K.L.:
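Quick one: the structure is below, questions incoming.
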Amino acid sequence: MQRIVYFDNNATTKVDEEVKKEMEIFFTELYANPSSMHYFGGQVQKYLDLSRQKISELLGCLPEEIIFTSCGTESDSSAIYSALKTNPDKRHIITTAVEHPAVLNLCKHLETQGFRVTYLKVDENGMIDLKDLENALTRDTAVVSIMWANNETGVIYPVEKAAEICKKRGVLFHTDAVQAVGKIPINLSKTDIDMLSISGHKIHAPKGIGVLYVRKGVKFSPFLIGGHQERGRRAGTENVPYIAGLGKAAELALKNMEKENTYVKNLRDMLEKKISENIPNIKINGLNSPRLPNTSSVSFGYVEGESILLLLSEKGICASTGSACSSGSLEPSHVLMAMNIPFTYAHGTVRFSLSVYNTEEEVDYVVRELADVIKKLREISPFADGKPLFGLDVCETHKHHH
Ligand code: PLP
């Protein structure tokens, strides 16, 4: 098999060997339903409690504030729907223009259902202004949902301050912390955050398991209705192997947090330094904002992100574009658009996201191949001299055809 250099850890991560080992026993040995009355069921129940305990240590909250879900997306949906159902007279939601589709597309859907949504703007550094939040809050606001860290740029948002503002105004505050958990310290007991989403597969647990934190005392209306699992807050037989795996991953994340902020951050900084030294006409997005230690969003001027990825992929390098280049649209991602990155740069954006499994040697390999790829692409690019065709920007040209 070809060598794989995996710099796409914000998309998903490798399951840690220890996590995998932790899960195995629950498939063929401790397979009872944890809700069963018998001794066997009780044995399995203990492991649910253990996992809840470990996750509460990572988040600095109480074990009973943890609800297991199927993924980050379910957690986001559950949180926002619960806020709306428990505030039936309120029809306004505040979020940001740079959320993951799990929140953004839900909000767009809710707009079609008669809700009003305010999308907080970001500046060129990808940062929101809390004054905009204060100004947007009304007596009609049911919930504010602001991500803790952005999946494309790694920009960290001041969610603790935002939660404080919301609490003063009596408005529920939710944060999508899928990209923040395990990378930056979180102590929920010291914040006013009411609800928080996490996803297992971003912290070396498997895909298909998530958590919704709901602060004790916050009214909650379940998304899945049925059995009494999770104290009636999320029906459905618990995914015991994955829950146990997530508990282990949370334990390891807490242990590795220091390494994320030293070893991984050094690798990321080294990657950015070497890219800056070896490749002209680049821009690192969100550089002037607080950022996750593992994420680097780099825009390469006058080339296409998709072409860069394809050529890197031939060398076994996995990264991602910031672009949602779906349905034939040439539009750069909503995050880069919101940041007002010039089209000629936004189009050539690549996100590198590292983990504790990456090495310095891999960084060197990626920069070497990347320099080569960019040079080749710029040689054939009509924009290589920086002057767009017909005096128009690429995207504007494209738009005229629609
Ligand atoms: N929120 C953010 C910020 C994410 O990065 C992701 C995953 O890409 C999600 C939510 C969705 O999580 P899941 O894939 O577990 O549904």
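Remember, it's 1-based here, ligands and their atoms both numbered in the order they're listed. Fair warning: this is a prediction, and the values are worked out from it, not measured in the lab. Residue numbers start at 1 and run along the sequence shown.
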K.L.:
Show me a pair-per-line table, with atom names and distances to 0.1 Å, of protein N or O atoms that are under 3.5 Å from an N or O of ligand 1.
P.N.:
| unit_1 | atom_1 | unit_2 | atom_2 | d |
| --- | --- | --- | --- | --- |
| ligand 1 | 1 (N) | Asp176 | OD1 | 3.3 |
| ligand 1 | 1 (N) | Asp176 | OD2 | 2.6 |
| ligand 1 | 5 (O) | Gln179 | NE2 | 2.8 |
| ligand 1 | 8 (O) | His100 | NE2 | 3.1 |
| ligand 1 | 8 (O) | Lys202 | NZ | 2.5 |
| ligand 1 | 14 (O) | His201 | NE2 | 2.9 |
| ligand 1 | 15 (O) | Gly72 | N | 2.8 |
| ligand 1 | 15 (O) | Ser199 | OG | 2.7 |
| ligand 1 | 15 (O) | His201 | NE2 | 3.4 |
| ligand 1 | 16 (O) | Gly72 | N | 3.4 |
| ligand 1 | 16 (O) | Thr73 | N | 2.9 |
| ligand 1 | 16 (O) | Thr73 | OG1 | 2.6 |

K.L.:
Tell me the salt bridge (Lys or Arg N to Asp or Glu O under 4.0 Å) pairs involving residues 245-261, sequence neighbours left out?
P.N.:
Glu18-Lys248, Lys54-Glu251, Lys248-Glu251
K.L.:
Is Arg231 positioned over the aromatic face of Phe220, cation under 6.0 angstrom from the ring centre and no more than 45 degrees off axis?
P.N.:
no
K.L.:
Can you list the residues that meet the side-chain contact (heavy atoms from CB on, under 4.5 Å) rule with Thr12, with sequence neighbours excluded?
P.N.:
Tyr6, His201, Lys207
K.L.:
Who pairs with Tyr31 by ring-ring contact (aromatic ring centres under 6.0 Å, His included), at least two apart in sequence or on another chain?
P.N.:
Phe40
K.L.:
Taking Lys283 first and then Glu124, would you say they form a salt bridge - that is, a charged N and a carboxylate O separated by under 4.0 Å?
P.N.:
no
K.L.:
Does Glu64 have more than 12 heavy atoms from other residues, nucleotides or ligands lying within 6.0 Å of its CD?
P.N.:
yes
